[in-house]
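Here's the structure we're looking at; comments come further down.
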Amino acid sequence: DGEVLQLDFCSVSLSSSSQNDLGSHRTLLASASRDRLVHIFDTTDPQHFRLIHTLDDHSASVTCLRFISADQLKSSSKNEAVIVTAAADK
């Protein structure tokens, strides 16, 4: 088990072509931990957090993470969120 070191969340607007029964917004939560994993959860339904992805490509504890909107990165798509992570060797 990894000790959670950082949490971040964001609200993402879905394009009209990808809308489903959850509506046009999705809320995401990301956790970073000592076990070198980043877990991303869909928290749109507050009664049930659903794990949607695990990032496992870090070689050390993940000490920082942050969602950044695609428009802040000058991306071509305004309906995306990007997660930035950092790990530190001991």
Side-chain angles (χ1 to χ4, degrees):
D1 293 319
E3 175 186 352
V4 174
L5 300 175
Q6 183 79 38
L7 295 171
D8 195 25
F9 77 97
C10 74
S11 179
V12 179
S13 296
L14 302 175
S15 65
S16 58
S17 62
S18 64
Q19 285 183 359
N20 57 26
D21 58 329
L22 294 175
S24 62
H25 281 74
R26 183 150 298 162
T27 305
L28 303 176
L29 171 73
S31 68
S33 59
R34 290 196 189 278
D35 62 4
R36 304 183 318 255
L37 299 176
V38 173
H39 297 290
I40 302 173
F41 298 90
D42 180 342
T43 61
T44 304
D45 177 359
Q47 300 298 316
H48 178 70
F49 288 16
R50 184 173 60 93
L51 178 65
I52 57 174
H53 196 72
T54 298
L55 304 171
D56 63 356
D57 57 351
H58 291 88
S59 61
S61 297
V62 182
T63 57
C64 184
L65 64 82
R66 181 81 178 178
F67 282 105
I68 299 174
S69 65
D71 59 333
Q72 288 176 302
L73 295 175
K74 308 296 187 238
S75 173
S76 59
S77 175
K78 301 291 185 195
N79 294 323
E80 296 179 354
V82 176
I83 189 165
V84 178
T85 63
D89 291 329
K90 289 187 175 185

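If you're wondering where the values come from, they're calculated on a predicted model, not measured in any experiment.
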Gap separating the [atom1] atom of [X] from the [atom2] atom of [Y], nearest 0.5 angstrom:
{"X": "D42", "Y": "F49", "atom1": "CG", "atom2": "CZ", "result": "9.5 Å"}
{"X": "F9", "Y": "I40", "atom1": "CZ", "atom2": "CD1", "result": "15.0 Å"}
{"X": "L55", "Y": "R36", "atom1": "CG", "atom2": "CZ", "result": "13.5 Å"}
{"X": "R50", "Y": "T43", "atom1": "CZ", "atom2": "OG1", "result": "10.5 Å"}
{"X": "S31", "Y": "L65", "atom1": "OG", "atom2": "CG", "result": "7.5 Å"}

Within the side chain of T44, is there an N or O that forms a donor-acceptor pair under 3.5 Å with the backbone of R26?
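No; zero donor-acceptor contacts below 3.5 Å.
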Identify, with sequence neighbours excluded, every residue that meets side-chain hydrogen bond (donor to acceptor under 3.5 Å, both in side chains) alongside S33.
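S33: side-chain hydrogen bond (donor to acceptor under 3.5 Å, both in side chains) contacts with D35.
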For the hydrophobic clusters of this structure (ILVMFWY residues joined by side-chain heavy atoms under 4.5 Å, transitively), does one cluster hold both F67 and V62?
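Looking at the clustering, V62 is in the same group as F67.
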Atom of S61, atom of R34 and distance for their closest heavy-atom approach
OG-O, 3.2 Å
Test item: H39 and L51 side chains (from C-beta on) under 4.5 Å apart, heavy atoms
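A side-chain contact exists here, since the closest heavy-atom pair is under 4.5 Å.
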Residues two or more places apart in sequence or in another chain: which of them pass side chain to side chain contact (heavy atoms under 4.5 Å, CB included) with R66?
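R66 satisfies side chain to side chain contact (heavy atoms under 4.5 Å, CB included) with D8, I68 once adjacent residues are dropped.
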